[in-house]
Amino acid sequence: MSDQLNPTHTGRFSVTTAIDYPNGAPHIGHSLEKVAADAVARYHVLRGDEVAFVMGNDENSQHVVVAAQKAGETPEAWTDQMDVAFRRAWDALDVRPTDWVRTTEPRHVRAAQELYRRVVANGDIYQAAYAGYYCPNCNNFYSEEDLVNGHCPQHASVTPEYLEEENYFFRLSAYGDRLRELILSRDDFIVPAHRRAEVLGWIDQGLRDFSVSRSQRQDGIAWGVPVPGDDSQVMYVWFDALTTYLTGLGFPDDPERFDAFWPVDTHVVGKDITRHHCLYWPAMLLSAGLPTPRQVAVHGFLTLNGRKISKTDGNVIDPAEVVAEFGVDAVRYTLLRDVSFSSDGDFSREQLARRYTDDLANDLGNLLNRVVAMVGRYRGGVAPAAGEPGDLERELVEMARTARVTAEQQLAAWAPDRALEGIWTLVRRTNQYLEERQPWKLAKRPEAQADLDTTLAFAVEAARVISILTSPFIPGAAAKIAGQLGIAPAAPGDWSAAAFWAGPPVGQLVPAGPLFPKLEEAIEPVAP
RNA sequence: GCCGACGUAGCUCAGCGGCAGAGCAAGGGACUCAUAAGCCCUUGGCCGGUGGUUCGAUUCCACCCGUCGGCACCA
C-alpha cells in the first residue's frame, strides 16, 4: 500500500527543515515549516518507517557575532543561549526532530570541510576577487544598489568603504544543464509546481558562480568554518549552512547512517531560499559526487492579521504565548489547516479561536464527548460488540477509508491542509452517523438494543480511527482520545490500524471531560 | 523591463472541456446523547473583462484589466 503511494518508499524517511539564524527568539512565522515537517515525520513513523528529521541552528554567520556583541556576550555564550531558546520553542510546539545540528559543532566543521575538499578535488572552486562596499558595523558587504545615498542600509551614519578581497568561488555556472536535467527528471523534485517553473526559469537566464568564503581578518573574532588549506578564510554562509543536512544524517563520520538516510527525501524550505536549495545545493552535491536530494518542498510565508510579520512594526506573535492560551494542538492544527503550504497564508488570533471552536471543540471534541457519554450512560462505560453492519455503517467505513487515503496522498504532496480537510470529513460524517442512527432513541426501545450496540460500537471505532489519523497533526489531542477510549496512543507502525476493526478492541472507556474546553471569552479582534 | 503565477459565493479556497462545489459567515427548522454542542434545509456566483477554438469553455488559446511573487551572496 505504502509503496503504491510513494514509489521511492524504502522503509526509511528523512526530512529536514531550514536551519535558523539565532539572532532573536523564534516567532510564529518560523513555526509553519517546523510543524509541517514534524507532522509528516510523525506520519512516516506511524507508517513504520525509520525516520530521520533534522533541524538546527545556523551559528556561523557574522550576524551572530554582531548580535552577540550587541548583547555584550561572547558568540559562544550567545549561541548557547539561543540554542536553548530555539529548542525550547520547538519543543513547546511538539516538534520533535530526531537530530539537531549546530553549525559550530566539531562534527559539522568536519562535514563542511570534507564536502569542500571534495568539491575542490572536482575542480569547482577557484579564487577570485570579491568586491563590494564593506560596513564594519554590519561586518558585511553591500552592493552599490544596496547603499542608501552612499550609506549603509542598516547604519545611516556609516559610509561603507569599497573593498576587494580574494575569495573562493563555486563554479555554479557549469551546472546549468545538469540541474535542468535533474529538475526535469522528477515531477516533484520541486513542489509546488510553480516554484519548479520559477527555478527552471532561473536556469534559462543563466547561472553565476557564487562565493563560498570570506576573509577571516575582518574584525579579529575567529568565527566560522576555516577553509581547508587557507586559514585566512572561513566558509561563507551557504556552503556551510547547507551542509548541515549532511551533518545531521551522519556525513562523514557515520557512513552506515549516511548511506541509510541519504539522499534525503525532502528538504522543507521557505520560498526565500528556493534558489539555494534547488540550485546551489544540488550543484554542490553533484560536484562532490554525492547523491542529490529527492525533493525540495517550498512553502509560502505566514502573514499575521493580513500583514507581513515584522518585529519593527510589532506585528509578531510569540508561539509560546498562543500555545499557553490555546494549547499546542490548536496552534498546530490552525497552522496546518489554515495555511496552504504552497502559497502565503494568514494567521491570526481570531482564526485560531475560530478553528479551536468550530473544528476542534465542536466537531472533534464534542464527538468524542457524546460517544463516551452514551457508552457510559447506556452500556456502563464498556464499548459493546457490533452486530451486522447496515448501509450507514458501510458508508462510515468507506468514509474512513477515503479519509485515510486522502491523508496519505495529501501528505505525500505536502498539502497538510488538504490532509486535515479530508480527515475532518470523517469527523463530520461520524457526527452525521449518530444523528441518523439516533442511539438516544434506540436506548429507549428494548427491542432495539442490538442496533444500539452496533451504533455505539461503530461510533467508538470511528473515534479510534480518528485518533490515529489525527495523531501526526495534533499528537496531544490524539493521545487523549486514545486515553478516553482506554487504549494506547498511536505507536510506530500503527497507521495500518487506522481502519475499522483493524486496531486493538476498545473495552472499558475512561471519560476525562472535554477534549477542547470551550474558550472562556470571545477573542477580541486585534486592533490594527 | 524580464520571468512566474493568480483573479470562482460576504470570507478562505477546491474544481480546470459536458447542468457551478466545500468549510466558515448569514437565515430557517427538527432533535436532545453531547462542550447552547451536533444534524437538516435555505440564501448567496453573468467562475475578472473581451475575443477565439469547440457540438459545448469556469475549464483550452490570445489580448486586456487587476493582484502578487521572483530577478541571485540579506538570511
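Protein chains get the first letters and strands the later ones, always in sequence-line order, with residue 1 at the start of each. Just so it is clear, the model here is predicted, and its values are computed rather than measured.
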J.: Check the side chains of A/Tyr21 and A/Ser61 for a donor-acceptor pair under 3.5 angstrom, ignoring hydrogens and angles.
T.: yes
J.: Which residues satisfy the side-chain contact (heavy atoms from CB on, under 4.5 Å) test with A/Asp358, sequence neighbours excluded?
T.: A/Arg354, A/Asn362
J.: Mind checking what makes side chain to side chain donor-acceptor pair (under 3.5 Å) contact with A/Gln438, not counting sequence neighbours?
T.: A/Lys441
J.: Identify whether any heavy atom of A/Leu367 sits under 4.0 Å from a base atom; if not, whether one sits that close to sugar-phosphate; answer base, sugar-phosphate or nothing.
T.: nothing
J.: Round to a whole Å and report the spacing from CZ of A/Arg437 to P of B/C39.
T.: 17 Å
J.: A/Arg208: which residues meet the side-chain contact (heavy atoms from CB on, under 4.5 Å) condition with it, sequence neighbours left out?
T.: none
J.: Report the residues that fulfil side-chain contact (heavy atoms from CB on, under 4.5 Å) with A/Pro319, sequence neighbours left out, ordered by chain and then residue number.
T.: A/Ile28, A/Ser31, A/Leu93
J.: Side-chain N or O of A/Asn366 versus OP1/OP2 of B/G38: is the shortest distance under 4.0 Å?
T.: no
J.: Mind checking whether A/His277 and A/Trp238 have parallel, tilted or perpendicular rings, split at 30° and 60°?
T.: perpendicular
J.: What contact category does A/Asp338 fall into here, base, sugar-phosphate, or nothing, at under 4.0 angstrom with non-hydrogen atoms?
T.: nothing
J.: Given that both pair distances must be under 3.5 Å and the pair must be Watson-Crick or G-U, what runs of three or more consecutive pairs involve RNA chain B?
T.: B:1-7 with B:65-71, B:10-13 with B:21-24, B:26-29 with B:39-42, B:48-52 with B:60-64
J.: In whole angstrom, give the distance that lies between atom CZ of A/Phe301 and atom P of B/C74.
T.: 16 Å
J.: Using atom CG of A/Leu434 as one end and atom P of B/C39 as the other, report the distance to the nearest whole Å.
T.: 10 Å
J.: Please table the atom pairs, donor to acceptor, closer than 3.5 Å between any side-chain atom in residues 414-427 of chain A and protein atoms at least two apart or in another chain.
T.:
unit_1, atom_1, unit_2, atom_2, d
A/Trp414, NE1, A/Gln295, OE1, 3.1
A/Trp424, NE1, A/Asp359, O, 3.1
A/Thr425, OG1, A/Gly422, O, 2.5

J.: Using the ring centroid of each side chain, check whether A/Phe210 and A/Tyr280 are separated by less than 6.0 Å.
T.: yes
J.: Which residues pass the ring-ring contact (aromatic ring centres under 6.0 Å, His included) test with A/Tyr356, sequence neighbours left out?
T.: A/Phe516
J.: What are the atom names and distances for every N/O pair under 3.5 Å that joins the protein to nucleotides 20-30 of chain B?
T.:
unit_1, atom_1, unit_2, atom_2, d
B/C24, O3', A/Asp358, OD2, 3.2

J.: Using only heavy-atom distances, determine whether the side chains of A/Asp240 and A/His108 contain a donor-acceptor pair under 3.5 Å.
T.: yes
J.: Does A/Asn369 put a side-chain nitrogen or oxygen below 4.0 Å from OP1 or OP2 of B/U35?
T.: yes
J.: Taking atom types as modelled, find out whether A/Thr104 and A/Glu59 have a side-chain donor-acceptor pair closer than 3.5 angstrom.
T.: yes
J.: Between A/Tyr236 and B/A72, is there a side-chain N or O to OP1/OP2 distance below 4.0 Å?
T.: no
J.: I'd like to check the salt bridge (Lys or Arg N to Asp or Glu O under 4.0 Å) partners of A/Arg195; sequence neighbours left out, ordered by chain and number.
T.: A/Glu198
J.: Could I get the full list of ring-ring contact (aromatic ring centres under 6.0 Å, His included) partners for A/Tyr175, not counting sequence neighbours?
T.: A/Phe170
J.: Is A/Trp440 stacked on the base of B/C33 when the test is centres under 5.5 angstrom and planes under 30 degrees?
T.: yes
J.: Just the rounded figure in Å: distance from P of B/G38 to CZ of A/Arg429.
T.: 16 Å
J.: Please write out each protein N/O paired with an N/O of nucleotides 65-71 of chain B under 3.5 Å, distance rounded to 0.1 Å.
T.:
unit_1, atom_1, unit_2, atom_2, d
B/G70, O4', A/Glu198, OE2, 3.2
B/G70, O2', A/Trp202, NE1, 3.2

J.: In whole angstroms, how far is the C1' atom of B/C74 from the CZ atom of A/Arg214?
T.: 11 Å
J.: Specify the residues of residues 370-382 of chain A, ordered by number, for which at least one heavy atom lies under 4.0 angstrom from an atom of RNA chain B.
T.: A/Arg370, A/Ala373, A/Met374, A/Arg377, A/Tyr378
